[in-house]
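Please read the structure below before turning to the comments.
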Amino acid sequence: MSRAARATGEESRLALVRRARRMDRDLAIAHPDAHAELDFTSPLELLVATVLSAQTTDVTVNRVTPGLFARYPDAAAFAAADRTELEEILRPTGFFRAKAESVTKLGAALVERYDGVVPGRLEDLVTLPGVGRKTANVVLGNAFGVPGITVDTHFGRLARRFAWTTSEDPVQVEKEVGELIPRKDWTMLSHRLIFHGRRVCHAKKPACGACTLRRDCPSSQTGETDPVKAAKLIKGPDADHLLSLVGLER
């Protein structure tokens, strides 16, 4: 099946499933250490950290949360937090006033509805203030071991570039990709795509010429196709490993 056929929708359903699963296997080789990059030790910590990660980086959140969780160790503490103090702690994450309100309301809802315990079901999580399907799937997959697809900006961008979906709607992307990949692999697929989006398949200039997925990617001519130039675009601590898979080095 040609790249053009994949891009124009002529690829058969069986061919699409086989290609998607082959790409996932290649992603597993490319990113063997893929994981949630938010630091946490409990479902509550992951839930709060994920809420705080909106419009900022995981690195920034990870700098803030040790002090945050020491000061507010449980849902009741967040619910009773002094707003001024909480806002000051959250200031580095941006939109700190809105985020302070979100985590305060989140703590209160957990106390009122679930005795301060983070529920382990999607249908319960999405009823909490500031928690949508993306956040719920992060918590389910990483804190409860329940498979879930996390459609963030990286995941959506790559799923469309891979022609796994054409949808811009996160819920539809989640549904369509979930039909291609076995359920047991959903959480790890999410980590792998996010890792790949941050390190290789960048929004503005993907490193196509140095990408291990280029044989199966219908968008492999989108970015920098020269292998040497593309190699310079690879980011992250695992850059040498990624380049070694395609016979390149910095």
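Sequence positions, counted from 1, serve as the residue numbers for this chain.
- Residue Lys134 comes nearest to Val151 through the heavy atom pair CD-O, 3.6 Å, listed as atom of the first residue, atom of the second, then distance.
- Ion pair Asp216/Arg19 not flagged as a salt bridge, since none of the NZ, NE, NH1 or NH2 atoms sits closer than 4.0 Å to an Asp/Glu carboxylate oxygen.
- Remark: aromatic rings of Phe195 and His154 are distant, center separation not under 6.0 Å.
- Remark: Phe40 engages no residue in a ring pair (Phe, Tyr, Trp, His ring centres under 6.0 Å) (not counting sequence neighbours).
- Residues Asp169 and Val173 fail the side-chain proximity criterion, which asks for heavy atoms closer than 4.5 Å.
- Trp186 and Leu27 fall within a single hydrophobic cluster, where Ile, Leu, Val, Met, Phe, Trp and Tyr side chains are chained together by heavy-atom contacts under 4.5 Å.
- Judged by distance alone, the side chain of His202 and the main-chain N or O of Leu233 form a donor-acceptor pair under 3.5 Å.
- The two atoms that bring Leu189 and Ile181 nearest to each other are CD2-CG1, 3.7 Å, heavy atoms only.
- A donor-acceptor pair is defined here as one N or O able to donate and one able to accept, closer than 3.5 Å; such a pair exists between the side chain of Thr187 and the backbone of Gly148.
- The side-chain heavy atoms of Ser220 and Arg215, taken from C-beta on, include no pair separated by under 4.5 Å.
- Under the rule for a side chain to side chain donor-acceptor pair (under 3.5 Å), the partners of Glu123 that lie at least two apart in sequence or sit in another chain are Arg121.
- A salt bridge does not link Glu176 to Arg160: none of the charged nitrogens lies less than 4.0 Å from a carboxylate oxygen.
- Of the possible donor and acceptor atoms, none in the side chain of Asn137 sits under 3.5 Å from a partner among the backbone N and O of Thr150.
- Every residue two or more places apart in sequence or in another chain was checked for a side chain to side chain donor-acceptor pair (under 3.5 Å) with Glu224, and none qualifies.
- A donor-acceptor pair under 3.5 Å is formed between the side chain of Lys99 and the backbone N or O of Ala54.
- Val117 shares a hydrophobic cluster with no other residue; no ILVMFWY side chain has heavy atoms under 4.5 Å from its own.
- Contact annotation: the side chain of Thr135 never approaches that of Leu125 to less than 4.5 Å [non-hydrogen atoms, C-beta and beyond].
- Side-chain contact between Trp164 and Met23: present, with at least one pair of heavy atoms (C-beta onward) separated by less than 4.5 Å.
- Under a 3.5 Å cut-off, the side chain of Thr56 and the backbone N or O of Ser53 do not form any donor-acceptor pair.
- The hydrophobic clustering, which links ILVMFWY residues whose side-chain heavy atoms are closer than 4.5 Å, places Met188 and Val177 apart.
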*Take Val146 and Leu122, measure what side-chain contact (heavy atoms from CB on, under 4.5 Å) needs, and give me the verdict at the end.*
CA-CA 10 Å; Val146 178; Leu122 178 70; over 6 Å; no
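- With contacts defined as side-chain heavy-atom distances shorter than 4.5 Å, the pair Asp152/Val138 does not qualify.
- Residue pairs that meet the side chain to side chain donor-acceptor pair (under 3.5 Å) test with at least one member in residues 228-248, sequence neighbours left out, are Arg199-Asp238.
- Cluster partners of Val246, using a side-chain heavy-atom cutoff of under 4.5 Å among ILVMFWY residues and allowing indirect links, are Val200, Ile234, Leu242, Leu243, Leu248.
- With sequence neighbours left out, the ring pair (Phe, Tyr, Trp, His ring centres under 6.0 Å) criterion links Phe155 to no other residue.
- Among residues two or more places apart in sequence or in another chain, the side chain to side chain donor-acceptor pair (under 3.5 Å) test is passed with Thr41 by Glu45.
- Annotation for Val126 and Ala136: closest pair CG1-CB, 4.0 Å, computed over non-hydrogen atoms.
- Scored by the side chain to side chain contact (heavy atoms under 4.5 Å, CB included) test, Tyr72 finds Leu68, Ala77, Phe78, Ala81, Glu85, Leu86, Ile89 as partners (sequence neighbours excluded).
- A single hydrophobic cluster is seen to contain both Phe144 and Leu128, as judged by linkage of ILVMFWY side chains at heavy-atom distances under 4.5 Å, directly or through other members.
- Smallest separation of non-hydrogen atoms from Pro227 and Ala210: O-CB, 4.3 Å.
- For the residue pair His191/Asn142, the side-chain donor-acceptor check at 3.5 Å is satisfied.
- Transitive grouping of hydrophobic side chains (ILVMFWY, heavy atoms separated by less than 4.5 Å) brings Val61 and Val118 into a common cluster.
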*Show your reasoning for whether side-chain contact (heavy atoms from CB on, under 4.5 Å) applies to Val48 and Thr65.*
CA-CA 9 Å; Val48 170; Thr65 50; 5.8 Å; no
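- Listed by chain and residue number, nothing satisfies the salt bridge (Lys or Arg N to Asp or Glu O under 4.0 Å) test with Arg21 (two or more places apart in sequence, or in another chain).
- Between the side chains of Thr60 and Thr57, at least one donor-acceptor pair of N or O atoms lies under 3.5 Å.
- Residues Thr212 and Ala30 come closest through the heavy atom pair OG1-CB, 3.8 Å.
- Judged purely by atom type and a 3.5 angstrom limit, His35 uses its side chain to pair as donor or acceptor with the backbone of Asp33.
- Hydrophobic clustering, with ILVMFWY side chains joined whenever heavy atoms are under 4.5 angstrom apart, groups Leu38 together with Val139.
- Ion pairing between Glu87 and Arg91 fails under the 4.0 Å rule for side-chain N and carboxylate O.
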*asked:* Does Leu180 form a side-chain contact (heavy atoms from CB on, under 4.5 Å) with Arg13? I'd like the steps, not just the answer.
replied: CA-CA 9 Å; Leu180 301 176; Arg13 180 68 183 178; 3.7 Å; yes
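- Residues Leu213 and Cys201 have side chains not in contact (no heavy-atom distance under 4.5 Å, counting atoms from C-beta outward).
- A donor-acceptor pair is defined here as one N or O able to donate and one able to accept, closer than 3.5 Å; no such pair exists between the side chain of Thr225 and the backbone of Gln221.
- Counting all heavy atoms, side chain and backbone alike, Val51 lies closest to Ser102 at CG1-CB, 4.2 Å.
- Residue pairs meeting the salt bridge (charged side-chain N to carboxylate O under 4.0 Å, His left out) criterion with at least one partner in residues 101-119, sequence neighbours excluded, are Glu101-Lys105.
- Screening residues 182-198 for salt bridge (charged side-chain N to carboxylate O under 4.0 Å, His left out) gives Asp24-Arg192, Glu37-Arg198, Asp58-Arg198 as the qualifying pairs, with residues at least two apart or on separate chains.
- The main-chain N or O of Thr222 is never found under 3.5 Å from a side-chain atom of Ser219 such that the two would form a donor-acceptor pair.
- In this pair, Phe162 and His196 present their aromatic rings tilted. The plane angle is within the 30 to 60° band.
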